[in-house]
K.L.:
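Would you mind keeping the following structure in view while I ask a few things?
These values consider heavy atoms only, across backbone and side chains, with no hydrogens, waters or symmetry-generated copies. Both counts, for ligands and for their atoms, begin at 1 and track the order of listing.
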Amino acid sequence: MPDQTSPAQQPIVEMRKINKSFGAVRALVDVDLTLMPGEILGLVGDNSAGKSTLMKILTGAYHRDSGEILVAGRPANFRNPHESRDAGIEMIYQDFALCGNMDVGQNIFLGRWPRKGLFVDRRRMYEEADRVLKRLKVDVNSVYQRVESLSGGRQQSVAIARAISFEPRVVILDEPTANLSVMATERLLETMLELKKHGVAQIIISHRLQDIFAVGDRVMVLKRGENVGERYIRHSSEQEVLEVIVSGRRDTVIRAAAEF
Ligand SMILES: Nc1ncnc2c1ncn2[C@@H]1O[C@H](COP(=O)(O)OP(=O)(O)OP(=O)(O)O)[C@@H](O)[C@H]1O
Ligand SMILES: [Mg+2]
């Protein structure tokens, strides 16, 4: 795969020395993250490592205690996910919050149905929904189908199509393949590569290293809220990353606990 990330380029996202505590729990300690345009970054680590928290801080769903975020080189202080959406950042949560009793087209344009005078411009809505799905090569049979009648994998495709319809520069996927079949996982990974072709940078949180190795450029490991390693996929192996996840720098954490 051609490497679209040259050092001369400016990162699309830079997070520097991010700290976040929930009461006595230090969820993130001086965490750094860099994402280049068009790059696919895997974010891995054990349960409670701080992966989701870090991404929610990026979107403004959570607020950091300290640290800096730059988007395309400019300081960003998103107060909520609406503001990060306006800056071109979309996050797809694991429970992708669709309206089951509405159809595919309605879900993709939820909260912003195109209008023609007083009425919803249904024709435009369904045409555009169809266009987004085709662009992503997502195989949902019909934009008129109710979302609750779709399989989990296809519902996820709709959630992704919705995110993409905002034409983001950055897409974050939190555990997207956890509940997907083998086929649905393949389709999702293809969709990610399709987005990459369009220059969209992506962060994928996953416990499945094989998915990250299938599409990723780089992988970053968090452990107990700290950066413990980072590897370029093409210069690494699942085994090596697994070792970082399991045995990454723990001594500082243990010492801190002993002092406490
Ligand atoms: N809203 C919250 N309130 C209190 N504690 C929280 C909250 N969100 C996260 N935490 C805590 O922060 C730590 C990091 O959690 P986080 O969800 O970011 O981990 P994760 O790496 O995404 O784990 P998983 O792989 O299980 O999803 C955990 O100890 C968690 O309990
Ligand atoms: Mg999580």
K.L.:
Quick one: salt bridge (Lys or Arg N to Asp or Glu O under 4.0 Å) partners of Arg64, sequence neighbours excluded?
P.N.:
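Checked Arg64 against salt bridge (Lys or Arg N to Asp or Glu O under 4.0 Å); zero matches.
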K.L.:
Applying side-chain contact (heavy atoms from CB on, under 4.5 Å) between Ile89 and each of Leu58, Ile12, Val171, report the one that passes.
P.N.:
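Considering Leu58, Ile12, Val171, a side-chain contact (heavy atoms from CB on, under 4.5 Å) with Ile89 is found only for Leu58.
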K.L.:
For Arg26, does the CZ atom sit with more than 12 other heavy atoms under 6.0 Å from it, leaving out its own atoms?
P.N.:
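Not buried by this count: 12 neighbours or fewer within 6.0 Å.
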K.L.:
Just wondering, do Lys17 and Glu68 contact through their side chains at under 4.5 Å, heavy atoms?
P.N.:
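Contact flag for Glu68/Lys17 side chains = no.
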K.L.:
Students should find this: residues with any non-hydrogen atom under 4.0 Å from ligand 1. What is the answer?
P.N.:
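Contacts of ligand 1 under 4.0 Å: Phe22, Val25, Ala27, Asp46, Asn47, Ser48, Ala49, Gly50, Lys51, Ser52, Thr53, Tyr62, His207.
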K.L.:
Would Thr53 count as a contact for the Mg ion (ligand 2), in the sense that one of its N, O or S atoms lies under 2.8 Å from it?
P.N.:
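No - counting backbone and side chain alike, Thr53 has no N, O or S atom under 2.8 Å.
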K.L.:
Does the plane of the ring in Phe22 sit parallel, tilted or perpendicular to the ring in Tyr62? Use 30° and 60° as the thresholds.
P.N.:
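Answer is perpendicular, since the angle exceeds 60°.
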K.L.:
If hydrophobic clusters are built by linking Ile, Leu, Val, Met, Phe, Trp and Tyr wherever their side-chain heavy atoms come under 4.5 Å apart, do Val25 and Val29 end up in the same one?
P.N.:
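No; tracing contacts between hydrophobic side chains, which count when under 4.5 Å, never links both residues.
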